[in-house]
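A short write-up of the structure that comes next.
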Amino acid sequence: MQTPANNPKNNPTSPSASNTSPDVLIVGAGLFGLTMAERIANLLGKKVLLIDKRTHIGGNCYSEFDAETGIECHKYGAHLFHTSDQQVWDYVNQFTTFTHYVHKVYITHYGEVYPMPINLGTINQFFHSAYTPDEARDLIKEQSETAPKAPTNLAEQGISLIGEPLFNAFIKNYTAKQWQTPAEELSPDIIKRLPVRYNYDNRYFNNTYEGLPTNGYEAWFQNMINSCGDKIEVRLGIDYFDDPEIQKLRDQGIMTIYTGPIDQFYDYRFGELKWRSIDLEKSVESVDDFQGCPVMNYADLDPKYTRIHEFKHFHPERAADTAYADTAYAADSGKTVIVREYSKTWHRGDEPYYPVNTADDRALLEKYQDLARSEQNIIFGGRLGEYAYYDMDKTIAAALAKFDELKERF
Ligand code: FAD
Ligand code: UDP
């Protein structure tokens, strides 16, 4: 089956290994590392060695085309691109086009399905009512009176945004499953990501631009590397901490951009930063359409999974695309791929996904960042290096800003 995944022009291949030493070593081929590599190679003409311990580029944004169905599956959890940052949008469009996909999510609560994020449709369905926007605002105002004026944690923030009944139905148990940390200990910022709307708009994101890379994430990232000619050498399956050749570069004090976990870099000497990890249980189902939407959240403690992703819904345009004619994107294919997402506390050896970011974590991070500031040739960046809950656009923006700040040093 010829899909964009096994089409050789879309497959990542490392440019041939060079004999000369690189000018810059980048640890981690996620979006932060890729963006830095592209800028350093294309704008400064420097030679970059980009390594990753995984066997692919793209970090957590990586996706692959499922061999049985030809459906593009996001290996580390669903990734939807959205941004209001014009600089980031212009930057990414140099390497890929985007589809017109608009993300919509639904949530099941006690056997009933509601639109998410909370909007007038959710409110009216939940209260079996027909409130106007102003009536709904008045109701939520009344129901949020128990929350303090300046919320200091997720529970207070959530109640102040949507009132206690909606918080208890749609946020409390979902958050408990997702973070395994009481909402009273979590940062209010986590819930501020979700819009609350007093109209029937149920777009998940509020951003100006939204879409998915037309030919998949891997093709996008490979284009970034290809745009640099032979300036970037990619080596995969290489761990910064235990590869002898990399060790030599470290000993030479080569300029390094490190996008792995900052506490691991210092061998956890002050202790571990807390992360949340996830388990993704993938299955091929013998139906055309499993759930009728890309993502279904589960608000209650039972079932234990937080959400189910159904990847074919991320690319509805592929159903009519002849390039996908013999894949399960085609109508009446009788196959679909779903992934159940379970959240879990991170332990060493698991993939670190989301920084838990309690007050203790922030104090610990400060200690590691003090050490990092004194490094001459190491720059820390990205989600793991900065211990930051960055969306893709924020990761790219952070890398572009870091490049501008440091380009003289390269
Ligand atoms: P990463 O993608 O984590 O890349 C870091 C890389 O460094 C990894 O490939 C890792 O293997 C490598 N590395 C680490 N240590 C070493 C070492 N010792 N040696 C060699 N290599 C090493 N953002 C959105 O905008 N929209 C979404 O829908 C979205 N969904 C998400 C869903 C989940 C489950 C998660 C976890 C994140 C989501 N994000 C989303 C955020 C997005 O994944 C990040 O913004 C982005 O991946 C950050 O890129 P990065 O380069 O900083 O980190
Ligand atoms: N959230 C919730 N119920 C939902 C969706 C989100 O309680 O149906 C809360 C939860 O605490 C989550 C946060 O809102 O961590 C941010 O949600 P988002 O979907 O942005 O999280 P992500 O996609 O990054 O996992």
Side-chain angles (χ1 to χ4, degrees), residues 25-36 50-62 74-83 88 103 105-109 114 116-118 122 154-155 157-158 161-162 166-167 169-179 181 183 186-187 189-195 204-205 207 210 212 217 221 235-243 246 257-261 264-265 275-278 280 295-299 306-307 309 314 341 343 351-355 381-386 388-399:
L25 169 67
I26 301 186
V27 182
L31 261 181
F32 193 94
L34 281 167
T35 305
M36 287 299 262
L50 178 60
I51 64 165
D52 204 296
K53 64 181 181 185
R54 291 174 175 165
T55 54
H56 58 74
I57 58 171
N60 278 2
C61 308
Y62 174 75
H74 300 190
K75 186 165 181 184
Y76 303 95
H79 277 72
L80 303 317
F81 191 80
H82 54 101
T83 188
V88 168
H103 195 43
V105 173
Y106 291 84
I107 185 161
T108 299
H109 170 57
Y114 299 81
M116 194 70 187
I118 289 166
T122 325
L154 192 152
Q157 182 71 57
L161 282 172
I162 52 169
L166 289 166
F167 176 82
F170 298 114
I171 308 294
K172 192 176 166 185
N173 290 332
Y174 183 93
T175 298
K177 284 197 293 191
Q178 206 177 24
W179 291 92
T181 305
L186 291 169
S187 159
D189 291 344
I190 294 174
I191 196 76
K192 281 194 214 151
R193 289 163 56 88
L194 283 188
Y204 203 67
F205 303 119
N207 301 96
E210 186 175 348
L212 288 166
Y217 280 97
F221 302 143
R235 287 194 213 159
L236 299 174
I238 304 271
D239 194 317
Y240 175 69
F241 296 106
D242 58 22
D243 183 81
I246 299 300
I257 295 162
Y258 172 84
T259 73
Q264 185 185 8
F265 185 90
W275 291 90
R276 188 161 71 70
S277 195
I278 53 179
L280 297 165
V295 180
M296 178 67 72
N297 289 356
Y298 287 85
T306 50
R307 48 191 171 184
H309 309 274
F314 289 162
E341 180 176 325
S343 209
E351 288 291 346
Y353 279 97
Y354 295 94
R383 199 176 61 85
L384 303 164
E386 296 174 53
Y389 189 176
Y390 277 152
D391 274 331
M392 287 184 266
D393 64 330
K394 297 285 183 295
T395 302
I396 296 165

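One-based numbering, in listed order, for ligands and for the atoms of each. The first residue in the sequence is number 1, and the count goes up from there.
- At a threshold of 4.5 Å between non-hydrogen side-chain atoms, the residues Arg383 and Phe32 do not count as touching.
- A salt bridge does not link Lys394 with Glu386: none of the charged nitrogens is closer than 4.0 Å to a carboxylate oxygen.
- Remark: Lys177 NZ is packed, more than 12 non-hydrogen atoms of other residues, nucleotides or ligands lying under 6.0 Å away.
- Checked against a 6.0 Å centroid threshold, the rings of His56 and Tyr76 count as neighbours.
- Remark: Arg193 engages Asp391 in a salt bridge, criterion side-chain N to carboxylate O under 4.0 Å.
- Considering Tyr217, Tyr62, Phe81 as possible partners of His74, the one that fulfils the ring pair (Phe, Tyr, Trp, His ring centres under 6.0 Å) test is Tyr217.
- For Thr259 against Gly33, the heavy-atom pair with the smallest separation is CG2-N, 4.1 Å.
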Passes side-chain contact (heavy atoms from CB on, under 4.5 Å), Leu194 versus Tyr204? Steps please. CA-CA 8 Å; Leu194 283 188; Tyr204 203 67; 3.1 Å; yes
Contact table ligand 2 N or O to protein N or O, d under 3.5 Å:
unit_1	atom_1	unit_2	atom_2	d
ligand 2	3 (N)	Phe170	O	3.0
ligand 2	7 (O)	Ile171	O	3.4
ligand 2	7 (O)	Thr175	OG1	3.1
ligand 2	8 (O)	Asn297	ND2	2.9
ligand 2	11 (O)	Thr175	OG1	2.8
ligand 2	15 (O)	Gln178	OE1	2.7
ligand 2	15 (O)	Trp179	NE1	2.8
ligand 2	19 (O)	Tyr204	OH	2.6
ligand 2	20 (O)	Arg193	NE	3.1
ligand 2	20 (O)	Arg193	NH2	3.2
ligand 2	21 (O)	Tyr389	OH	3.4
ligand 2	23 (O)	Arg307	NH1	3.3
ligand 2	24 (O)	Arg193	NH2	3.1
ligand 2	24 (O)	Tyr389	OH	2.5
ligand 2	25 (O)	Gln178	NE2	3.2
ligand 2	25 (O)	Arg307	NH2	2.9
ligand 2	25 (O)	Tyr354	OH	3.0

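- Using modelled atom types and a 3.5 Å distance limit, the side chains of His309 and Glu341 yield a donor-acceptor pair.
- Each of Val27, Gly28, Gly30, Leu31, Phe32, Asp52, Lys53, Arg54, Gly59, Asn60, Cys61, Tyr76, Ala78, His79, Leu80, His82, Ile238, Asp239, Tyr240, Phe241, Thr259, Gly260, Ile278, Tyr353, Tyr354, Gly382, Arg383, Leu384, Tyr390, Asp391, Met392, Thr395 has a non-hydrogen atom positioned under 4.0 Å from some atom of ligand 1.
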